[in-house]
Asker: 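Questions regarding the structure given below will be posed in turn.
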Amino acid sequence: MVQSESIFRLDGVTRRFGALTALDDITFEAPQNEYISLLGPSGAGKTSLLRVIAGFESPDVGRIHFLGRDITDLPAHKRGIGFVFQNFALFPHLTVFENIAFGLRNGIDDIADAQIGDRVREMVDLVGLSGLEDRVPDQISGGQKQRVALARTLVMQPKLVLLDEPLGALDANLRGRMQTELRQIRERLNVTFLHVTGSETEALAMGDTVAVLDRGRIIQSGTPEQIHDTPSSSDVALFLNRFNLFDGKLSADAFHGPFGPVPAANVCQNPTDIYAIRYDRTKAFRKGDTLPGPALPARFLASEYLGSSVISFFETADHKQVEVDHHLSFGDPDNYKVGEEYVLSWDPRHAIVFGQEAAA
Amino acid sequence: MSIAAPSTQRNTFTGWLLAPGVFWMILFLVAPIMMIVYVSFWTQTTFAINSTLTLDSWKNFFSSEAYVGALWTTLRLWLIVLALTFIIGYPAALFVGLLVKSKTVSTILLVLCVIPFWTSFLIRVLAWRPMLGKEGAINIILQKLGLIDSPIEVLLFSELSVIIGMTQIYVVFMVGPIAFMLGRIDRNIIEAARDLGAGFGRIFWKIIFPLSLPGVVVGAIFVSVMVLGEFATSGALSGRKVNLLGNIIVTQVGSLKWAMASVVGVILTILLGIVVAGFLRIVDLKSEL
């Protein structure tokens, strides 16, 4: 029942390299026909997970199901799962056309030449490579290589495509364009994309579902909104790179941080006591202003202009850096003086409190 | 003018940088070759040589069964040794360059291949005698195992022993360049081919072999250049039964027959030129390396 709705399912998948556990008992069910982004810091096991699903490596423990079938012991070339490599891994001695046709010509099924030609041309049109069919990989740009790598995989009509940091090798301008294109191509072909990335903005922007991987475990998965607004642990909040996180001590119903005790109503279960407040909810005030909540004295360090907003960096007495994100649609930013003391504050209702004792 | 000046200056500079190399090559390569070509047309008498131009030596070469035979033997042995070094060398290179995952291990293996070169060429060749001889190691072992009753005589002082000796010495020149090219293949490319449904055979013929071809060509050029000019291995292992062009040059020079030695030298040089040019046509090395 469940299997018909999920594209693939991991059951307690564990992969070790010597003393290092790259994948630690991962159980995950991936919805069909969706864009799934897998977010994790480097070394979290993202690539290992993709390689285990693709069949380049086998798990030490656990089973992998794909379209309701156990494929754990099936070799990579019989799985029918597409893989797009981070460095594209194009065949350097073959033309764009032959790169795309490779799987059709050399795969398990015998396909007539005429049909290969049709399918390749169709794919060339879809990814926008018309006119470049006879070039070799050395003669095309990074973005075009990316398209060839994608076309080469998609022409095999896989139900699942694994993309290993596909935008990592592209420059920023191109990355934005490929983000939209990847989503459009996926929607047209009704395949599931599993996109691995270390960039939280990319993961949130592209995924219909976002899964967060840390130290070989999937620590949260959900819609981008769920992940962004309600990170389930302080680690997720940390990877999102949108929260100021404060260490402290949770007791009864108050959190004791560098800003003194603050009432803490809803507490999320977490290995350590952490107080999280989003950058754009944190505000800087001059001494003497009325504050919406707790007071945290901090020294202004510098600010960065990002076009639509200004990020200001402050440093607290115990040398912790705090970021304040001021969106310019809320009016012009204040002019802070470098080295001067200000007071940071926020509405405590917007804070997320993580604690060892959940919901005290 | 102001633009032209620095460019002329640069040209002069380039010219000066090239000068020593060009001078060296003219003095020690071009001039001697011209000289050999020239001498091949000199008149040779039994005890003397003079610079009267004649075609006699060339006619002698092509009318002598022994000399023309040596040309064919050289070509035959070259093709056999080339084929053997490739057949034996490619799998070894495949193992060292591609299948061994650790770079350190593959470097160690390549160094191991070179260890025989720590002994002198002559010793390496002569070491085959106690191996292949009538009462040599191979015959003794085969007899002890009861596989043969009487020693195999064809093992030593035959064309076979020359082929064995040359293959052993030159196979490493095939392994090195191929292993180098194989080592440069991005492993992701092979995984990508697997992911696209290709089995090992397809991956080898469509991806691995074409990408290693420049290495094969470089290895083949190394082996060809050395085998075509060979005289020592055939001298030491054939018991004078196998005469290569190189051996003829040695004997002709030894008996002061400079004109004939020059004829053979010119033929050998032309042969090498054709072979190397032929190999270079297979792959555009400039774009590959």
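The figures here come from the full heavy-atom set of this structure, side chains too, leaving out hydrogens, waters and symmetry mates. A, B, ... follow the sequence lines: proteins, then strands. Residue 1 opens every chain. All values derive from a computational prediction rather than experimental measurement.
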Asker: Nearest 0.5 Å, please: how far is CZ in Arg202(B) from CZ in Phe102(A)?
Answerer: 8.5 Å

Asker: Please report the interatomic distance CZ(Phe88(A)) to CD1(Ile189(B)), rounded to the nearest 0.5 Å.
Answerer: 13.0 Å

Asker: Once you round to the nearest 0.5 Å, how far does CG of Leu213(B) lie from NE2 of His93(A)?
Answerer: 10.0 Å

Asker: Do you know the tightest heavy-atom contact between Gly55(A) and Arg194(B)?
Answerer: O-NH2, 3.6 Å

Asker: Closest approach of Ile207(B) and Phe91(A), non-hydrogen atoms and distance?
Answerer: CD1-CD2, 3.4 Å

Asker: Main chain of Ala89(A), side chain of Asn188(B): is a donor-acceptor contact present, judged purely on distance under 3.5 Å?
Answerer: no

Asker: Measure Asp186(B) against the heavy atoms of chain A and call it side chain, backbone, both or neither at under 4.5 Å.
Answerer: side chain

Asker: Hey, is NZ on Lys46(A) packed in by over 12 heavy atoms from elsewhere, all under 6.0 Å?
Answerer: yes

Asker: Do other residues, nucleotides or ligands put more than 12 heavy atoms under 6.0 Å from Arg63(A) CZ?
Answerer: yes

Asker: Quick one: pull up OG1 in Thr153(A) and CG in Leu196(B) and give me the separation to the nearest 0.5 Å.
Answerer: 5.5 Å

Asker: Answer with side chain, backbone, both or neither: which region of Leu90(A) has an atom nearer than 4.5 Å to a non-hydrogen atom of chain B?
Answerer: backbone

Asker: Give a yes or no on this: more than 12 heavy atoms of other residues, nucleotides or ligands lie within 6.0 Å of atom CZ of Phe95(B).
Answerer: no

Asker: Heavy atoms only, distances under 4.5 angstrom: which of Pro158(A), Ala149(A), Pro92(A) has the most pairs with chain B? Name it, please.
Answerer: Pro92(A)

Asker: With a sphere of 6.0 Å drawn around CZ of Phe279(B), does it hold more than 12 non-hydrogen atoms of other residues, nucleotides or ligands?
Answerer: yes

Asker: Counting heavy-atom pairs under 4.5 Å to chain B, which of Met156(A), Lys78(A), Glu98(A), Arg152(A) comes out on top?
Answerer: Arg152(A)

Asker: Measure Asp109(A) against the heavy atoms of chain B and call it side chain, backbone, both or neither at under 4.5 Å.
Answerer: neither

Asker: Going from CD on Glu191(B) to CZ on Phe85(A), what distance comes out if it is rounded to the nearest 0.5 angstrom?
Answerer: 5.0 Å

Asker: Assess whether atom CZ of Phe13(B) is packed by more than 12 heavy atoms of other residues, nucleotides or ligands within 6.0 Å.
Answerer: no

Asker: Counting only heavy atoms not in Asn190(A), do more than 12 sit closer than 6.0 Å to its CG atom?
Answerer: yes

Asker: Using a cut-off of 6.0 Å, state whether more than 12 heavy atoms not belonging to Phe204(B) lie near its atom CZ.
Answerer: yes

Asker: With the side chain counted from C-beta on, respond yes when Leu94(A) and Pro210(B) share a heavy-atom pair under 4.5 Å apart, and no when they do not.
Answerer: no

